[in-house]
Undergrad: 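What follows is a single structure, and I will ask about it in a moment.
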Amino acid sequence: MLSCTSIIHGANQRDTIAPEFVLTAFIFMTEPLARYQARIETALSCVLPPAGERLADAMRYATLGGGKRLRAALLYATADDFGVPPDSVDAAACAVEAIHAYSLIHDDLPAMDDDDLRRGRPSTHRAFDEATAILAGDALNTLAFALLANSPLPPATRLAQIQTLADAAGWAGMIGGQMGDMAATGKTLTLPQLQAIHRGKTGALIRAALPAADYAAHAATLDELGEHLGIAYQIADDILDATANSATLGKTAGKDAAQGKNTYPALLGLEESRAIFAEHSARAQAAATRLPNGAPHLCALLARIIHRSH
């Protein structure tokens with residue numbers, strides 16, 4: 001069982017996979033995904049500050065308040081496929097989820113997307129207040145890099161992980177993509193311009209979730225997988241925003257159109273958006289099959305991500 005001690009101090013525990021899981025298809029991922037989700041929930045609960053203070057409560061509210069945990073699951077699935085023990089990527093999994101949680105807190109603020117609903121409950125700035133939400137996001141951002149800096153991995157690996165996450169989350173990645181999205185609101189973009197925005201806003205953190213350990217020999221394939229998965233994921237988000245309801249999404253549906261956001265359905269229509277989604281999904285899956293042993297865990301997880309309903 002995963003313990004707080006093993007996360008914080010890097011104890012050498014092993015979480016093995018039964019052989020039958022290596023023969024997988026879509027249904028194969030049900031148990032491993034649940035296992036990945038349970039592991040990251042425990043890990044996050046351990047590394048977040050204890051409840052009882054307002055800032056800590058806001059950090060825990062935003063981070064532990066549900067979510068698909070697909071970025072962390074990508075880390076664990078890749079580790080499984082490369083034979084890397086999960087305790088080697090716990091810190092990276094917590095770090096990427098902390099960055100994601102901070103980005104959602106700030107994304108929901110009145111100055112940004114102004115959304116009162118996240119994961120089926122009030123956004124952090126509604127549950128607390130705007131100042132606390134901003135500081136909780138800032139604290140989660142810095143926590144992510146502290147976790148990587150203090151992980152039990154060799155110094156060179158830690159430094160590489162810090163660099164990868166910093167590049168993905170910073171001005172040339174997620175934050176830059178968010179700025180581009182805001183600047184383009186109400187304007188008509190070309191498809192390459194739209195993809196460039198979402199390559200940063202959504203895709204950069206997904207790409208960063210893949211090379212958490214030393215997979216140097218397969219870095220190009222993993223980056224290709226992350227590139228196409230990031231695009232497919234964003235298209236799916238845009239389609240769901242246009243077609244699903246708020247109860248299903250856990251956030252306010254239809255806000256993209258109401259705010260004049262640039263989305264794939266707005267630019268291309270639903271039919272062509274679905275066609276491009278299918279193309280990038282297929283290319284992500286094709287990249288995964290070129291990894292050692294056909295990357296069964298990643299392939300099965302991709303199927304779950306691609307066929308998600310919220």
Side-chain angles (χ1 to χ4, degrees), residues 24-30 33 67-71 73-74 77 100 104 107 113 115 117-120 174 177-178 180-181 184-207 209-210 221-290 295 298-310:
T24 77
F26 176 78
I27 237 167
F28 152 82
M29 201 60 205
T30 302
L33 178 57
K68 296 176 284 296
R69 305 300 184 203
L70 293 177
R71 291 157 186 81
L74 283 168
H100 182 53
L104 297 182
D107 193 50
D113 281 358
D115 206 321
L117 190 65
R118 174 65 65 178
R119 293 172 174 169
M174 181 186 72
Q178 176 72 2
D181 184 49
T185 298
K187 302 177 182 177
T188 301
L189 299 181
T190 65
L191 180 59
Q193 288 172 328
L194 181 62
Q195 289 183 331
I197 287 172
H198 291 304
R199 189 174 286 113
K201 182 180 177 181
T202 303
L205 204 57
I206 288 175
R207 290 198 305 277
L210 289 162
T221 302
L222 285 166
D223 193 63
E224 180 185 346
L225 190 164
E227 171 80 8
H228 293 295
L229 177 59
I231 294 172
Y233 193 90
Q234 182 61 53
I235 296 172
D237 256 10
D238 288 354
I239 292 172
L240 287 169
D241 185 79
T243 60
N245 57 43
S246 298
T248 299
L249 294 177
K251 58 184 180 180
T252 307
K255 279 189 71 73
D256 289 342
Q259 294 179 339
K261 293 281 187 178
N262 280 279
T263 67
Y264 288 87
L267 180 64
L268 305 171
L270 282 172
E271 185 175 349
E272 190 171 350
S273 295
R274 289 184 174 117
I276 295 177
F277 166 78
E279 174 193 344
H280 286 286
S281 298
R283 293 177 73 175
Q285 290 172 313
T289 61
R290 298 201 304 274
L298 266 175
C299 284
L301 181 58
L302 287 176
R304 290 293 296 268
I305 294 172
I306 288 165
H307 293 94
R308 67 196 178 98
S309 61
H310 63 283

Undergrad: How many angstroms lie between NZ in Lys187 and CG in Asn262, if you round to the nearest 0.5 Å?
TA: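 CG of Asn262 is found 9.5 Å from NZ of Lys187.
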Undergrad: Where is the tightest heavy-atom contact between Asp115 and Leu117, given as atom of each residue plus distance?
TA: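 Residues Asp115 and Leu117, closest heavy atoms: OD1-N, 3.1 Å.
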Undergrad: Could you tell me which non-hydrogen atom of Leu189 sits nearest to which non-hydrogen atom of Ala184, and how far apart they are?
TA: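 Smallest heavy-atom distance, with atoms named: CD1-CB, 3.7 Å.
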Undergrad: Give, for atom CG of Leu229 and atom CD of Gln234, the distance between the pair rounded to the nearest 0.5 Å.
TA: 11.5 Å
Undergrad: What's the spacing between Ile306 CD1 and Ile235 CD1 if we round to 0.5 Å?
TA: 11.0 Å
Undergrad: Taking all atoms of both residues into account, what is the closest heavy-atom pair of Leu33 and Ala73, and its distance?
TA: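 Nearest heavy atoms, Leu33 then Ala73: CD1-CB, 3.8 Å.
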Undergrad: Take Gln195 and Tyr264 through the side chain to side chain contact (heavy atoms under 4.5 Å, CB included) test and state the conclusion after the steps.
TA: CA-CA 9 Å; Gln195 289 183 331; Tyr264 288 87; 3.1 Å; yes
Undergrad: What's the verdict on side chain to side chain contact (heavy atoms under 4.5 Å, CB included) for Asp223 and Arg207, showing C-alpha distance, side-chain angles and the deciding distance?
TA: CA-CA 6 Å; Asp223 193 63; Arg207 290 198 305 277; 3.5 Å; yes
Undergrad: Taking C-beta and beyond as the side chain, do Leu301 and Ile305 meet within less than 4.5 Å on heavy atoms?
TA: yes
Undergrad: Heavy-atom distance under 4.5 Å between the side chains of Lys261 and Asp181, does that happen here?
TA: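 Answer yes - side chains close enough.
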Undergrad: To the closest 0.5 Å, what do you measure between CG (Leu298) and CG (Leu222)?
TA: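 CG of Leu222 is found 7.5 Å from CG of Leu298.
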Undergrad: Could you list the residues that satisfy ring-ring contact (aromatic ring centres under 6.0 Å, His included) with His100, not counting sequence neighbours?
TA: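 None.
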Undergrad: If the threshold is 4.0 Å, N to carboxylate O, is there a salt bridge linking Arg118 and Asp107?
TA: yes
Undergrad: For Ala287 and Thr221, work out which heavy atoms get closest and say how close.
TA: O-CG2, 3.2 Å
Undergrad: To the closest 0.5 Å, what do you measure between CZ (Arg283) and CD (Gln285)?
TA: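 Atom-to-atom, Arg283:CZ and Gln285:CD are 13.0 Å apart.
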Undergrad: Go through Thr243 and Leu270 one step at a time and tell me if the side chain to side chain contact (heavy atoms under 4.5 Å, CB included) criterion holds.
TA: CA-CA 9 Å; Thr243 60; Leu270 282 172; 4.0 Å; yes
Undergrad: Does Thr190 offer a backbone N or O that forms a donor-acceptor pair with the side chain of Gln193 under 3.5 Å?
TA: yes
Undergrad: How long is the gap from OG1 on Thr188 to CG on Leu267, to the nearest 0.5 Å?
TA: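 Rounded to the nearest 0.5 Å, the OG1-CG separation comes to 8.0 Å.
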Undergrad: Please give me the minimum heavy-atom distance between Gly230 and Thr202, naming the atom from each residue.
TA: O-CG2, 4.2 Å
Undergrad: Could you pull out the closest heavy-atom pair between Ala288 and Cys299, with the gap in Å?
TA: CB-SG, 3.7 Å
